[in-house]
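Computation of the quantities below employed the complete heavy-atom set of this structure, encompassing side-chain atoms and omitting hydrogens, waters and symmetry-equivalent molecules.
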Amino acid sequence: MSFASRLGSLTRELIEASAPSLHETQTRSHERLSDAVLRKLKSHTFLQTNHFEVENALLGLDERFRVNNRDELADALLERLRGLQSYPSRWYPEILHLFLKLSDQPTFKSDVRDLELLETKADTATANLRWEDIAKEDGWDEDIALWRSIDFSDESDDEAFEQDSTGESEATSLVGDGEQGSRAAESYVIQPEDTSTFKKVQASQKWRSTMASEESLRQTKKVAVSEVQVIRDILFMLQGLDCTLFSRVGVAVPYFQLENMEWEPFRAMMHSFSDYGTHLRTLRHFVGERQDVPHLQAFQDCISDRLRQLDLHISDLQRQLTAPTTDVVLSLVKTKTELVPWLDPLFSLAEIVSKIESEPQPNPFRYLELVFDESCLAQLSGKSGLFEFFARIFAECFRVYLRPIRLWMDEGKLLSASDLFFVAEASSPTPLGKTWKDRYHLRKAPDGALHAPTFLRTAVGNIYNAGKNIVVLKLLGKHDATISSKQRVEPPLDYDAICPAGQELVPFSELFDTAFDRWIQSKYRATSTILRSSLFEDWSLSPTLDTLHEVYLMSNGSTAAAFSEGIFGKLDELMTDWSDRYALTAAAQDCFAAIVDPGRLTVCVEPTQQRLHPIMCRNSVRTILSGIRVDYRLPWPLQMGLTATSLEHYQSLFTILLQFKRATYALHKPKILDNYWTDHDNWNVTAVLYSTRIKLLWFCTTVQTYLTTLVLTPLDSQLRRDLASATDMDELIAAHDRALKAMVDQACLGSRLTPIRDCMLDVLDLALKLERIRSGVTDTIDDVEANKPYQERLADIKMEVDRQVRFIWSGLRSVARATSDAHSTKWDMLADMLQAGDVDEQQTSV
């Protein structure tokens with residue numbers, strides 16, 4: 001039979017078995033359903049089960065059994081998997097995969113005793129062969145004569161028969177089943193030859209059934225107990241077993257007293273053991289609870305291992321007492337002395353567990369913090385044994401908590417639906433240029449603290465950046481280089497690596513920080529170096545900075561003058577189309593043709609500034625020039641390093657430089673030789689004009705010289721050095737932002753110097769006004785000024801310039817003296833430069 005026909009018949013049988021009512025009542029629907037299922041089965045695209053995945057799933061199930069203290073279940077699973085290998089078959093992966101899919105929490109719902117139901121039992125039980133059954137089968141069960149005893153006496157056979165028939169002979173009479181059974185049971189009783197040992201055992205345990213009366217409870221007399229029995233019950237209680245001297249919760253029963261010890265010291269000693277037992281019971285209860293967090297499971301495993309070691313030690317003590325090989329001194333005090341080194345660490349460990357359970361909403365890593373703090377405290381107290389106990393527990397548990405950190409730092413991945421790690425991904429899509437800043441963030445607790453253990457606070461930044469390095473390198477196509485850098489073996493983080501020999505006096509916190517930083521740097525330094533090299537070499541970070549300085553900071557004077565004077569000429573001619581963004585962009589690209597990529601440069605004017613009257617645009621540097629926006633579109637990898645804030649600082653510096661160039665351009669328009677002969681006609685008025693113009697020129701050139709030589713050039717050189725020494729992305733971003741922030745502050749663009757900056761702009765507006773007065777341009781907007789005489793208007797400008805300049809340098813000096821940062825020195829130098837050019841002030845002081 002072909003496979004297709006077999007599949008069709010099997011499909012119909014499956015439908016009939018699944019829906020018998022449909023087969024019986026709706027034949028047509030049954031046929032349609034069978035055809036649909038058959039087509040689905042024929043066109044399925046599922047491949048054969050991957051036996052490697054099934055094997056990994058079974059290994060993971062074995063590990064889960066052992067973590068949850070189900071070793072017997074894990075051993076049974078391994079035993080049957082090994083047995084299955086003796087009977088190979090190609091369908092085993094599919095069968096095991098089906099079993100795995102059908103399983104429902106096997107760790108907690110499986111019982112090893114259920115395996116007994118799978119054992120093959122004999123079809124018929126072997127019955128015991130009895131004479132009664134044989135008699136029934138042969139038919140002589142009712143033959144009484146067969147059971148007669150033969151009397152070999154001298155009496156005749158008739159008398160013997162009569163005696164037997166009357167039942168006078170007890171030896172041959174038939175008895176009932178009950179009587180025969182009791183007689184048979186007595187026959188099995190064996191009388192011991194020596195009862196002294198049994199009586200000694202009964203006498204030694206008699207105290208367990210003796211309860212003190214109420215009167216004796218009020219007195220000091222209690223039930224006397226031997227020392228060996230006290231030690232026996234104490235050891236049982238510490239192992240979590242039931243005993244007489246302690247209740248089920250570990251409380252000492254007050255009815256008993258050691259026969260050779262007074263009540264008060266005995267009660268104190270029993271209470272001390274009771275405290276130990278209560279704390280051990282807390283640990284055993286915690287170990288028995290279900291935990292879903294992996295590193296809490298590791299903590300449970302550590303406690304289970306320490307409890308197991310304690311039980312083994314107690315078993316050794318019991319073996320020494322029950323089967324001593326040498327002379328043993330039976331002493332309760334000695335037993336306590338031997339147990340205290342084992343019990344004290346567990347006592348402190350139970351205090352940690354109790355503290356965690358008492359907190360309303362503890363963090364999942366709270367126990368790590370407490371174990372870490374306890375290790376530090378034990379080291380400071382000089383308790384070397386307790387310190388090693390907690391330090392080893394911390395190292396074992398931290399190794400499990402390290403798994404999401406390793407996954408993040410090695411592969412740039414986060415565990416799905418995990419709130420345990422302190423790094424989280426943004427829920428909304430993030431542009432590529434904001435990958436470094438906005439795609440991932442650090443989790444915060446409701447109180448604002450970082451969602452991470454306190455001992456990791458100093459290393460969180462490097463861990464956070466290491467994962468982001470991997471993510472960015474994947475986007476840049478540099479993941480292969482990252483993989484090759486990970487081939488190096490990472491440093492260990494076990495107890496021996498954290499606490500090396502010879503470093504016992506170094507604080508544990510410093511030892512851990514050193515070891516953990518060494519582990520982080522083995523992963524972080526390589527990826528940071530690759531990312532930094534990619535930005536500088538593949539994406540031309542240094543040439544891009546040169547472009548930004550040429551465009552925004554006007555480092556190339558000729559190109560900056562060509563671009564700005566084109567705008568100033570249109571403003572002076574009152575051209576309404578001067579703000580056309582296409583014309584401004586084309587002019588800027590032509591002027592800055594030597595930069596890296598002129599096509600990325602665009603210039604526009606803010607919409608609010610485009611609606612201003614042309615005369616207002618011509619008359620003020622404050623209004624229109626602050627609305628000119630220069631935008632150089634950076635590649636997305638460089639956008640991560642050159643942030644939007646720093647680009648805003650670039651725009652602020654561009655605006656102030658353009659405003660000073662505007663005033664200087666207006667002051668340089670008139671030539672002295674052009675009016676050489678006409679100036680003699682009214683020399684007094686002309687002298688006022690030239691003195692005012694000279695002072696304005698001095699002010700503009702002084703401030704521009706200050707910005708160029710004392711602010712922009714030194715900070716640019718420092719920026720290049722900082723970028724060259726930056727080891728990671730954060731240092732690169734911080735160096736650039738720090739340099740731009742310093743440029744803005746030293747250029748008097750900070751919030752503290754807002755009044756002084758406004759005065760500077762007023763002085764620049766006075767320069768434009770002076771040029772209009774000199775050239776005879778009449779403003780229809782300012783009619784009051786237009787009606788004043790020429791000489792009076794010049795005198796007003798000169799007076800206003802003197803007042804504003806004096807306010808600027810005096811204000812700079814006052815602010816410099818009031819502050820003590822690095823910028824104050826630069827402001828003081830600018831004040832000195834401006835005061836040196838204030839001739840009127842010098843003459844007044846003289």
Side-chain angles (χ1 to χ4, degrees), residues 407-409 411-416 418 421-444 448 450-452 460-479 481-482 524 527-545 547-549 551-552 596-597 599-602 604 606 629-654 719 722-723 726-741 743-744:
L407 179 66
W408 168 249
M409 296 183 68
E411 302 181 19
K413 296 180 180 179
L414 299 173
L415 294 177
S416 58
S418 176
F421 195 38
F422 50 80
V423 178
E425 187 173 3
S427 57
S428 58
T430 306
L432 290 176
K434 297 182 179 180
T435 300
W436 186 266
K437 283 290 186 182
D438 299 338
R439 183 171 178 179
Y440 299 95
H441 63 275
L442 295 174
R443 296 182 185 274
K444 300 289 185 180
L450 186 65
H451 185 70
V460 164
N462 288 339
I463 297 173
Y464 181 49
N465 290 341
K468 293 195 294 183
N469 286 342
I470 300 296
V471 173
V472 174
L473 287 174
K474 286 182 178 180
L475 295 176
L476 294 175
K478 296 289 184 178
H479 189 51
T482 306
Y524 177 55
T527 56
S528 298
T529 302
I530 296 172
L531 179 57
R532 180 185 176 279
S533 300
S534 178
L535 293 178
F536 275 93
E537 298 173 5
D538 299 339
W539 296 96
S540 305
L541 178 58
S542 295
T544 302
L545 286 176
T547 298
L548 294 177
H549 291 180
V551 173
Y552 289 100
V596 175
D597 189 358
R600 294 180 175 273
L601 181 62
T602 59
C604 65
E606 293 181 356
R629 309 291 298 182
V630 178
D631 182 21
Y632 185 81
R633 298 186 303 276
L634 298 170
W636 72 265
L638 298 184
Q639 291 179 16
M640 296 186 300
L642 310 180
T643 61
T645 302
S646 62
L647 293 179
E648 287 296 327
H649 290 160
Y650 273 120
Q651 180 64 43
S652 300
L653 292 169
F654 170 81
L719 171 62
D722 293 342
L723 293 179
T727 58
D728 57 16
M729 193 71 174
D730 272 354
E731 289 187 9
L732 188 147
I733 295 173
H736 187 260
D737 289 348
R738 184 170 57 251
L740 267 296
K741 182 65 168 57
M743 290 180 184
V744 168

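Remark: Asp631 pairs with no residue by the salt bridge (charged side-chain N to carboxylate O under 4.0 Å, His left out) rule, at least two apart or across chains. For Lys444, the salt bridge (charged side-chain N to carboxylate O under 4.0 Å, His left out) criterion is met by no residue, not counting sequence neighbours. Applying the ring pair (Phe, Tyr, Trp, His ring centres under 6.0 Å) test to His736 and every residue at least two apart in sequence or in another chain returns Tyr650. Annotation: ring pair (Phe, Tyr, Trp, His ring centres under 6.0 Å) contacts of Tyr464 (sequence neighbours excluded): none. Remark: Asp722 pairs with Arg738 by the salt bridge (charged side-chain N to carboxylate O under 4.0 Å, His left out) rule, at least two apart or across chains. Listed by chain and number, the residues in a side chain to side chain contact (heavy atoms under 4.5 Å, CB included) with Val744 are His649, Leu653, Leu749 (sequence neighbours excluded). Applying the side chain to side chain contact (heavy atoms under 4.5 Å, CB included) criterion to Thr727, with sequence neighbours excluded, gives Glu731. The side-chain hydrogen bond (donor to acceptor under 3.5 Å, both in side chains) search around Arg629 returns Glu648, not counting sequence neighbours.
Contacts classified as salt bridge (charged side-chain N to carboxylate O under 4.0 Å, His left out) and involving residues 533-545 (residues at least two apart or in different chains) are given here: Lys478-Asp538. Counting only residues at least two apart or in different chains, side chain to side chain donor-acceptor pair (under 3.5 Å) contacts with residues 428-439 comprise Glu425-Arg439, Trp436-Asp730.
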Please evaluate residues Ser533 and Ile530 with respect to the criterion side chain to side chain contact (heavy atoms under 4.5 Å, CB included), reporting the C-alpha separation (whole Å), side-chain torsions for both, the decisive distance (0.1 Å), and the verdict. CA-CA 5 Å; Ser533 300; Ile530 296 172; 5.9 Å; no
Criterion side chain to side chain contact (heavy atoms under 4.5 Å, CB included) on Asp597 and Thr547, from CA distance to verdict: CA-CA 9 Å; Asp597 189 358; Thr547 298; over 6 Å; no
Between Met729 and Lys468, is a side chain to side chain contact (heavy atoms under 4.5 Å, CB included) present by the stated rule, with each step listed? CA-CA 10 Å; Met729 193 71 174; Lys468 293 195 294 183; over 6 Å; no
Determine, step by step, whether Trp636 and Leu476 satisfy the side chain to side chain contact (heavy atoms under 4.5 Å, CB included) criterion, reporting the C-alpha distance in whole Å, the side-chain angles of both residues, the deciding distance to 0.1 Å, and the verdict. CA-CA 10 Å; Trp636 72 265; Leu476 294 175; 3.7 Å; yes
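Between Trp539 and Thr544, the closest side-chain pair of non-hydrogen atoms is not below 4.5 Å.
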